[in-house]
Participant: 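Structure below; questions to follow.
Only a predicted model underlies this, so the values are computations on that prediction, with no experimental measurement involved.
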Amino acid sequence: MTSKPQKSLETFPNPYADRDYHIHMEIPEFTCLCPKTGQPDFATLILDYVPDKKCIELKSLKLYIWSYRNEGVFHEAVTNKILDDFVAILKPRYLRLIARFYVRGGIFTNVAVEYRKKGWKGKSLILIDESLSGSNIRE
């Protein structure tokens, strides 16, 4: 596998496709460029999904995220594009993506998008306690 930024995502078979379970990922180093000024925008992406037959492979996810570093794109557009790409490759039962952009001109922007597989009647999702979000290193 390459170590250069790329738009392709890789998957692997879900080892427990017979049950619903929740995968939670936080990606604190997302960057893209403001399409108006060319200045960098920084965000933390929060990805929650209930896989169906496939799970996302992490190295390809890192390279995919990295591919936006030099791309000029609005917050709303990039968040929806990432969701669309994930849904296309994973075909999950459920997926939610929250993009928390850092302050720019005194404004924080959060964009949240969701996908739910047609007909999927999942039980309540396992919610990750807010105190557990962020680094795995605890005091």
Participant: Check whether any side-chain heavy atom of I98 sits under 4.5 Å from a side-chain heavy atom of L45, and report yes or no.
Facilitator: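 Answer no - side chains too far apart.
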Participant: Say whether, by atom type as modelled, one donor and one acceptor occur between the side chain of Y49 and the main chain of I56 under 3.5 angstrom.
Facilitator: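 Checking the backbone N and O of I56 against the side chain of Y49, a donor-acceptor pair under 3.5 Å is found.
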Participant: What's the separation between atom CZ in F101 and atom CZ in F42, rounded to the nearest 0.5 Å?
Facilitator: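 F101 CZ to F42 CZ: 11.5 Å, rounded to 0.5 Å.
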Participant: Of all residues at least two apart in sequence or in a different chain, which pass the side-chain hydrogen bond (donor to acceptor under 3.5 Å, both in side chains) check with K91?
Facilitator: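 If we apply the side-chain hydrogen bond (donor to acceptor under 3.5 Å, both in side chains) test to K91, skipping adjacent residues, there are no hits.
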Participant: To the nearest 0.5 angstrom, please state how far the CZ atom of F12 sits from the OG atom of S60.
Facilitator: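 Spacing of CZ (F12) from OG (S60) equals 10.0 Å.
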Participant: Nearest 0.5 angstrom please: R69 CZ to C32 SG, how far?
Facilitator: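 So the gap between those two atoms works out to 11.0 Å.
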Participant: Check E114 against Y94 and note the closest heavy-atom contact, atom names and distance.
Facilitator: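 Of all heavy-atom pairs spanning E114 and Y94, the closest is OE2-OH, 2.5 Å.
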Participant: Sorted by first residue and then second, give each salt bridge (charged side-chain N to carboxylate O under 4.0 Å, His left out) pair with at least one member in residues 27-37; sequence neighbours left out.
Facilitator: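 Applying salt bridge (charged side-chain N to carboxylate O under 4.0 Å, His left out) to every pair that reaches into residues 27-37, excluding sequence neighbours, yields nothing.
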Participant: Is any side-chain heavy atom of R104 closer than 4.5 Å to a side-chain heavy atom of C34?
Facilitator: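 Sidechains of C34 and R104: in contact.
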Participant: Judged by modelled atom types alone, do D41 and Y68 share a side-chain donor-acceptor pair under 3.5 Å?
Facilitator: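 Y68 and D41 do not have a side-chain donor-acceptor pair below 3.5 Å.
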Participant: In this structure, which one of T109, T31, T44 forms a side chain to side chain donor-acceptor pair (under 3.5 Å) with Y102?
Facilitator: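 The passing option is T44.
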Participant: Going by heavy atoms in the side chains, are I82 and Y64 under 4.5 Å from each other?
Facilitator: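 A side-chain contact under 4.5 Å exists here.
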Participant: Check whether any side-chain heavy atom of K4 sits under 4.5 Å from a side-chain heavy atom of Q6, and report yes or no.
Facilitator: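 Not in contact.
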Participant: Nearest 0.5 Å, please: how far is NE2 in H24 from CD in E26?
Facilitator: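 If we round to the nearest 0.5 Å, E26:CD and H24:NE2 are 3.5 Å apart.
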Participant: Under the criterion side chain to side chain contact (heavy atoms under 4.5 Å, CB included), I'd like the reasoning laid out for M25 against L58: C-alpha separation, chi angles, the key distance, then a yes or no.
Facilitator: CA-CA 10 Å; M25 297 178 188; L58 292 181; 3.6 Å; yes
Participant: Is the shortest side-chain heavy-atom distance between V50 and P92 below 4.5 Å?
Facilitator: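 The answer is no; the side chains never approach within 4.5 Å.
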Participant: Please evaluate residues D52 and K117 with respect to the criterion side chain to side chain contact (heavy atoms under 4.5 Å, CB included), reporting the C-alpha separation (whole Å), side-chain torsions for both, the decisive distance (0.1 Å), and the verdict.
Facilitator: CA-CA 9 Å; D52 195 2; K117 185 175 182 176; 2.5 Å; yes
Participant: Please, which pairs that meet salt bridge (charged side-chain N to carboxylate O under 4.0 Å, His left out) have at least one residue in residues 74-90, sequence neighbours excluded?
Facilitator: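 Non-adjacent pairs meeting salt bridge (charged side-chain N to carboxylate O under 4.0 Å, His left out): K81-D85.
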Participant: If you draw a 6.0 Å radius around NZ in K53, do more than 12 non-hydrogen atoms from other residues or ligands fall strictly inside?
Facilitator: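 Open: at most 12 neighbouring heavy atoms sit under 6.0 Å from NZ of K53.
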Participant: Between CG of D20 and CZ of R93, what distance do you get to the nearest 0.5 Å?
Facilitator: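 The CG atom of D20 sits 5.0 Å away from the CZ atom of R93.
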Participant: In terms of hydrophobic clusters joined by side-chain contacts under 4.5 Å, are F74 and L33 together?
Facilitator: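 Unlinked, F74 and L33 end up in two clusters.
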Participant: Given T11 and I89, is the side chain to side chain contact (heavy atoms under 4.5 Å, CB included) satisfied, shown in steps?
Facilitator: CA-CA 8 Å; T11 63; I89 192 81; 3.6 Å; yes
Participant: Which value, rounded to the nearest 0.5 Å, describes the distance between L95 atom CG and D48 atom CG?
Facilitator: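 If we round to the nearest 0.5 Å, L95:CG and D48:CG are 8.0 Å apart.
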Participant: Quick check: do C55 and I23 have side-chain heavy atoms less than 4.5 Å from each other?
Facilitator: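 With C-beta onward as the side chain, the pair touches.
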Participant: What are the two closest non-hydrogen atoms of S67 and P5, and how far apart are they?
Facilitator: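 Smallest interatomic distance, heavy atoms only, reads CA-CB, 3.6 Å.
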Participant: Output, in order, the C-alpha distance, side-chain angles, deciding distance and verdict of side chain to side chain contact (heavy atoms under 4.5 Å, CB included) for L63 and W66.
Facilitator: CA-CA 5 Å; L63 298 174; W66 186 16; 3.6 Å; yes
Participant: Can you hop from L61 to I46 via hydrophobic side chains spaced under 4.5 Å?
Facilitator: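 No, it is not one cluster - the side chains of L61 and I46 are not joined through contacts under 4.5 Å.
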Participant: Hydrophobic cluster membership, with links at side-chain heavy-atom distances under 4.5 Å among I/L/V/M/F/W/Y: are Y16 and L90 in one?
Facilitator: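 Yes; tracing contacts between hydrophobic side chains, which count when under 4.5 Å, links both residues.
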